[in-house]
Amino acid sequence: MKFKSAYLQKVYDGLEARNGEQKEFLQAAAEVLESLEPVVEQNPKLEEQGVIERIVEPERIIMFRVSWVDDAGKVQVNRGYRVQFNSAIGPYKGGLRLHPSVTLSVIKFLGFEQIFKNSLTGLPIGGGKGGSDFDPKGKSDGEVMRFCQSFMTELSKHIGADTDVPAGDIGVGGREIGYLFGQYKRLRNEYTGVLTGKGLTYGGSLARTEATGYGLCYYTQEMLSCMKSDSFQGKTVVISGSGNVAIYATQKATQLGGKVVALSDSNGYVYDPNGIQLDVVKQIKEVERGRIKEYAERVEGAEYHEGCKGIWTIKCDIALPCATQNELDLESAEALVANGVIAVCEGANMPSTPDAVAKFQESGVLFGPAKAANAGGVATSALEMSQNSQRLSWTFEEVDAKLEGIMKNIFHACYDAAEKYGVKGNLVAGANIAGFEKVADAMIAQGIAY
Ligand code: NDP
């Protein structure tokens with residue numbers, strides 16, 4: 001990776017030398033550092049204060065054994081992580097991911113991204129992320145519960161409502177948050193807002209479940225309106241994934257006048273030219289915890305195709321990748337561009353590879369990066385924290401209206417920052433710069449521990 005600034009080059013080379021095997025983390029760091037070239041050039045204080053080398057190093061990494069007993073009475077062992085990356089502007093905040101692909105590199109990339117995303121929301125939350133290589137797929141409720149209890153037994157020593165507030169991510173939904181919260185309460189004898197994404201009967205916020213998908217569509221709508229005088233109305237939309245983010249992105253895109261024609265999971269994708277019937281998807285994924293393949297068995301005219309990557313060959317106007325990192329590569333980007341896509345907005349974290357992003361940008365496709373476009377989830381989590389502190393619950397409409405306002409503000413913060421630093425229209429650079437400025441300022445103000 002080559003940088004114009006000698007300072008950025010030195011920091012990146014050092015990072016690579018120390019973390020050579022952490023490819024996802026290096027990918028995320030390289031993207032942010034590249035965007036910061038003009039900022040570093042215009043602000044010598046950043047180098048004087050060592051801000052860049054400090055911001056790429058987590059404040060704390062916790063790695064731990066999670067042992068639990070399966071239904072057959074066998075002992076199982078997984079590895080747990082919590083990366084407390086940056087607390088300059090608030091308590092660490094970020095989700096927990098349960099997926100076999102979880103490694104320290106994946107959690108560090110997610111935690112690093114979270115710093116800038118949380119800053120962009122305008123709310124007082126620092127960056128963190130955690131999880132485990134445990135796979136909830138195919139496990140019974142009892143097994144998931146015992147895993148979550150064991151995981152929280154260690155994690156509880158490191159988190160707290162004013163220290164670190166985890167939430168859901170891949171593999172962690174309402175069921176898992178409930179088990180984690182219950183165990184924290186048992187261990188600490190404290191009823192506190194230590195987790196977000198809680199159930200509505202015990203401190204959860206209305207609209208948190210919908211927030212990331214809805215927020216993604218609010219951001220996309222603002223981007224279309226401001227940069228192309230356009231909207232979702234009458235557009236064909238392809239959304240990857242079929243989990244929390246994908247489901248509620250489908251709902252909002254449809255409400256805004258778009259037609260969503262495809263969804264996927266890690267095995268394959270479904271194409272429904274008549275428009276996805278969301279009640280069928282919700283029944284399969286949220287109630288039965290089944291596979292997306294079953295959609296094609298239940299809905300006439302829908303097709304199922306093995307292999308999730310093929311979803312990007314479907315002709316569409318708007319593409320919303322909402323599954324996982326690096327799911328959309330150059331070949332997929334080329335197919336989307338050849339089919340006339342006008343906007344791509346990221347619901348998942350870092351779903352597009354760097355060469356795919358470059359392809360969209362050089363082809364004039366509007367591109368909304370994850371750390372801005374999917375910030376609605378964490379923003380609403382911060383609203384859940386506010387409600388917990390006040391011991392109040394706001395209505396769905398109140399939370400949804402705040403979410404829409406936050407997403408519009410995030411879009412404009414990214415757009416304006418890009419313009420200010422001479423890269424008008426580049427929302428990747430704009431998001432990185434706008435997110436960075438506030439955190440850097442707080443880090444400088446708080447000094448360095450000698
Ligand atoms: P879910 O677990 O609810 O759903 C994940 C979806 O992505 C599933 O359809 C899953 O399919 C698919 N998927 C997961 N891993 C892979 C893979 N390796 N290859 C292909 N498909 C895969 O997670 P969420 O919807 O919550 O999260 C999706 C993305 O959005 C993640 O990147 C997450 O970090 C990001 N995000 C989530 C937020 C939230 O509030 N939930 C907030 C901000 C970002 P399968 O069932 O086959 O595994």
Side-chain angles (χ1 to χ4, degrees), residues 24 28 93-103 106-107 109-111 113-114 117-118 120-121 127 129-131 133-138 166-177 195-197 204-205 207-216 219 239-250 262-270 281-282 284-286 288-295 306-312 320-329 332 345-352 369-382 384 403 407 410:
E24 293 87 357
K93 180 95 199 81
L96 297 171
R97 176 175 291 191
L98 297 183
H99 194 272
S101 63
V102 164
T103 60
V106 168
I107 299 298
F109 119 65
L110 291 164
E113 294 278 290
Q114 200 81 44
K117 179 188 307 194
N118 292 2
L120 281 172
T121 65
K129 198 83 186 188
D133 56 1
F134 172 81
D135 187 359
K137 248 182 261 141
D169 189 74
I170 291 181
V172 177
R175 172 182 61 170
E176 292 75 18
I177 292 289
L195 289 160
T196 56
S205 172
R208 173 60 188 95
T209 306
E210 292 83 355
T212 308
Y214 276 26
L216 170 67
Y219 183 96
I239 300 183
S240 64
S242 49
N244 171 267
V245 180
I247 286 176
Y248 292 97
T250 302
L263 287 174
S264 63
D265 60 22
S266 51
N267 297 111
Y269 67 94
V270 288
V281 177
K282 282 176 139 191
I284 295 169
K285 301 301 291 190
E286 293 185 338
E288 300 167 21
R289 295 184 188 275
R291 309 300 298 159
I292 200 65
K293 182 181 187 170
E294 293 159 43
Y295 180 90
E306 279 293 330
C308 42
K309 214 181 127 183
I311 194 168
W312 305 122
L320 305 175
C322 294
T324 196
Q325 65 271 6
N326 293 327
E327 56 162 311
L328 198 169
D329 60 11
S332 306
C345 237
E346 298 184 319
N349 283 309
M350 206 170 74
S352 317
K371 63 174 74 66
N374 74 20
V378 75
T380 309
S381 277
E384 182 173 331
L403 170 66
M407 296 314 296
I410 291 177

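Whatever order the structure lists ligands and atoms in, that order sets their numbers, starting from 1. The chain is numbered in sequence order, starting from 1.
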When distances are taken from atom 18 (N) of ligand 1, the protein heavy atom at minimum range is Thr324 CG2, 3.6 Å
Residue set satisfying salt bridge (Lys or Arg N to Asp or Glu O under 4.0 Å) with Glu294, at least two apart, ordered chain then number -> Arg298
Near Arg208 (heavy-atom distance under 4.0 Å), the atoms of ligand 1 are 40 (O)
for atom 45 (P) of ligand 1, nearest protein heavy atom and its distance come out as Ser266 OG, 3.4 Å
Here the pair of heavy atoms bringing Tyr219 nearest to Cys345 is CD2-SG, 3.7 Å
Quick check against the 3.5 Å criterion: does Glu113 have a side-chain atom that pairs as donor or acceptor with the backbone of Phe109? no
Is the backbone of Arg291 close enough, under 3.5 Å, to the side chain of Asp265 for a donor and an acceptor to pair up by distance? no
Margin query: Protein non-hydrogen atoms only, distance under 4.0 Å: does atom 10 (C) of ligand 1 have such a neighbour?
Written below: no
Query - Worked check of side chain to side chain contact (heavy atoms under 4.5 Å, CB included) between Asp133 and Thr103 - result: CA-CA 7 Å; Asp133 56 1; Thr103 60; over 6 Å; no
At under 4.0 Å between heavy atoms, what of Cys322 touches ligand 1? The answer is backbone
| message | Does Lys309 have more than 12 heavy atoms from other residues, nucleotides or ligands lying within 6.0 Å of its NZ? | response | yes
- Are side-chain N/O atoms of Asn349 and Lys371 paired as donor and acceptor at under 3.5 Å? no
* Okay, side chain of Glu346, backbone of Ser352: is any donor-acceptor separation there less than 3.5 Å? -> yes
Hey, is the main chain of Ser264 close enough, under 3.5 Å, to the side chain of Ser242 for a donor-acceptor pair? yes
For Ala323, the atoms of ligand 1 under 4.0 Å from one of its heavy atoms are 7 (O), 12 (C), 21 (N), 28 (C), 29 (C), 31 (C), 32 (O)
Looking at ligand 1, would Lys137 count as a contact under a 4.0 Å heavy-atom criterion?
yes
heavy-atom search around atom 42 (C) of ligand 1 in the protein gives Thr212 OG1, 3.4 Å
Next item on the list: Compute the minimum heavy-atom distance from Ser101 to ligand 1 and say whether it is under 4.0 Å.
Entry: no
With heavy atoms and a 4.0 Å threshold, my read on which part of Gln325 contacts ligand 1 is neither
Atom 2 (O) of ligand 1 sits nearest the protein heavy atom Gly171 N, 3.0 Å
**Q.** Whether His99 lies under 4.0 Å from ligand 1, heavy atom
**A.** yes
Checking heavy atoms under 4.0 Å, the part of Lys371 that sits near ligand 1 is neither
For Arg97, the salt bridge (Lys or Arg N to Asp or Glu O under 4.0 Å) test, sequence neighbours excluded, returns Asp169
request  = May I ask you to check whether Gly168 has an N/O atom sitting below 3.5 Å from an N/O atom of ligand 1?
outcome  = no
Near Arg97 (heavy-atom distance under 4.0 Å), the atoms of ligand 1 are 31 (C), 32 (O), 33 (C), 34 (O)
Heteroatom distance test (Lys129, ligand 1): nitrogen or oxygen, under 3.5 angstrom
no
*So is there a nitrogen or oxygen of Gly377 less than 3.5 Å from a nitrogen or oxygen in ligand 1?*
no
If you scan protein heavy atoms around atom 33 (C) of ligand 1, the nearest is Asp169 OD1, 3.1 Å
Close N or O approach (Asn349, ligand 1; < 3.5 Å): yes
Ranked by distance from atom 46 (O) of ligand 1, the top protein heavy atom is Arg291 NH1, 3.2 Å
For Gly241, the ligand 1 atoms with a heavy-atom partner under 4.0 Å come out as 9 (O)
Within the 4.0 Å heavy-atom cut-off, what Ile170 brings close to ligand 1 is both
Treating Asn118 as the side-chain partner and Lys93 as the backbone partner, does any N or O pair qualify as donor plus acceptor under 3.5 Å? yes
The atoms of ligand 1 lying under 4.0 Å from a heavy atom of Ser242, numbered in the order shown, are 9 (O)
heavy-atom search around atom 41 (N) of ligand 1 in the protein gives Asn244 OD1, 3.5 Å
For atom 24 (P) of ligand 1, the closest protein heavy atom turns out to be Val245 CG2, 3.9 Å
Next item on the list: Indicate yes or no for a side-chain donor-acceptor contact from Lys285 to the backbone of Gly290 under 3.5 Å, with no hydrogens or angles considered.
Entry: yes
(message) Keeping Ser240 on the side-chain end and Cys322 on the backbone end, is there a donor-acceptor pair under 3.5 Å?
(response) yes
**Request:** Kindly say whether Ala348 contributes a backbone atom to a donor-acceptor pair with the side chain of Asn374 at under 3.5 angstrom?
**Result:** yes
### Task
Classify the side-chain pair Ser381/Arg208 by whether it contains a donor and acceptor separated by less than 3.5 Å.
yes
Ligand 1 atoms nearer than 4.0 angstrom to some heavy atom of Ala348 are 29 (C), 30 (O), 32 (O), 35 (C)
